[in-house]
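Structure, as structure tokens:
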Amino acid sequence: MKPLALVLAAAFFVMAILYFTGHGYPVGTHYKHAVAMLALAVVALIWYRFLSATPTRR
Amino acid sequence: MVARKPCRFARTDRTVTFAQAMFLAVLQGVSELFPVSSLGHTILIPALLRWPVDRSDESFLAFVVVLHLGTAVALIVFYRRDWLAISRALVASVVRGRLSGDRDEKIGWLLAAGTVPVALLGVFFQSAVRSFFGSPATVALFLVANAFVMFLGEWLRQRQHAAGNRTGLQLEGMTWADGAKIGLAQGLALLPGISRSGSSIVAGLLVDLDHEDAAKFSFLLATPVIFAASILEIPKLFEPAAHVVALEAALGGVLAGITAYASVAFLTRYFKHNDLRPFGWYCLIAGGAAFLFFVTKGVT
């Protein structure tokens, strides 16, 4: 699952850049979509953090 | 003498007046948190009073951004202790990399689970949905639908309790799926006339929260959504047209904040011992009457 979290974070980050620059969109930049993608990238990184932390020893 | 060209960003007949702005600020502050749909009311009442306000005008959009900011700040101030505890717990859990079972931490991640779906729905579908369903008559019908959502929620909850298969749940006892369900239910409020707090309180009741906890979770869940939506619209405040209503926006934001604070203070006490049905009756009567008015006057 850890690689999936990283891949998702990278994919959302790239999509955020694409939305922000308006690349491939004829109607200009979509900064709200870009911010949403950036937020999802952060969520994926937090997920990665939870997956990669050392388990508690009992 | 050279005739002066009319300024593109001067007041027009379609610019909101000071009195209208103050009325809309109070309306926003109250109806954003009462389960009666703020968006629905800000479409219906100007249409009923035949105010020639252009809702798509840049100055009006800037004014609305400030009203929402005022409401969000009021919610943050009212729940400041909860937000402080939740923020600390969330940061600590991310630093630690695991959940500790702390109550504030659980509520924080439940709010995150509820915020992601509604934020995505809002970002990708808000404009399309509102332009498609934004006519006053349609909004009046959705206000009637909002009444039935609340009646149905109360009826289903009573049935579940009468059947004895529900025992009552604390906020921190909810599952991640429960949090996401409440967030998705909040997404119904993209339809003008459907209340954000109404739909999320009903969803909270259906996952077995009591009215008090369902309302608290709904208000906490609304805060990041309203705040983030306002922040994303802040560039509108720097448009030249925004200066036309600068005074109205500043005073309106403060007024919306004060009325929102009073509303949430009232509602948190109200839901200790009361339910959604009075708001359902209000939406049914107001929505039904407004729909009949618009149909008979040919306003669709």
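Scope of the values below: all heavy atoms of this structure, side chains included, with no hydrogens, waters or symmetry mates. Per chain, numbering begins at 1; letters A, B, ... match sequence-line order. Note that the structure is predicted; figures quoted are calculated from it, not measured.
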Seminar exercise, completed: salt bridge (charged side-chain N to carboxylate O under 4.0 Å, His left out) test vs B:Glu105 passes for just one of B:Arg96, B:Arg88, B:Arg98, namely B:Arg96

Exercise. How close do B:Ile226 and B:Glu32 get, heavy atom to heavy atom, and via which atoms?
Worked result: CD1-OE2, 3.6 Å

For this session: Below 4.5 Å from any heavy atom of chain A, which atoms of B:Leu120 appear? Answer side chain, backbone, both or neither.
Result: side chain

Exercise. Would you say the side-chain atoms of B:Gln28 and B:Thr42 include a donor-acceptor pair closer than 3.5 Å?
Worked result: no

Problem set entry | Atom group of B:Val95 that falls short of 4.5 Å from chain A, counting heavy atoms | backbone

Exercise. For A:Leu51, is it the side chain, the backbone, both, or neither that has a heavy atom closer than 4.5 Å to a heavy atom of chain B?
Worked result: neither

Seminar exercise, completed: Rounding to 0.5 Å, atoms CG (B:Leu221) and CG (B:Leu75) come to a distance of 11.0 Å

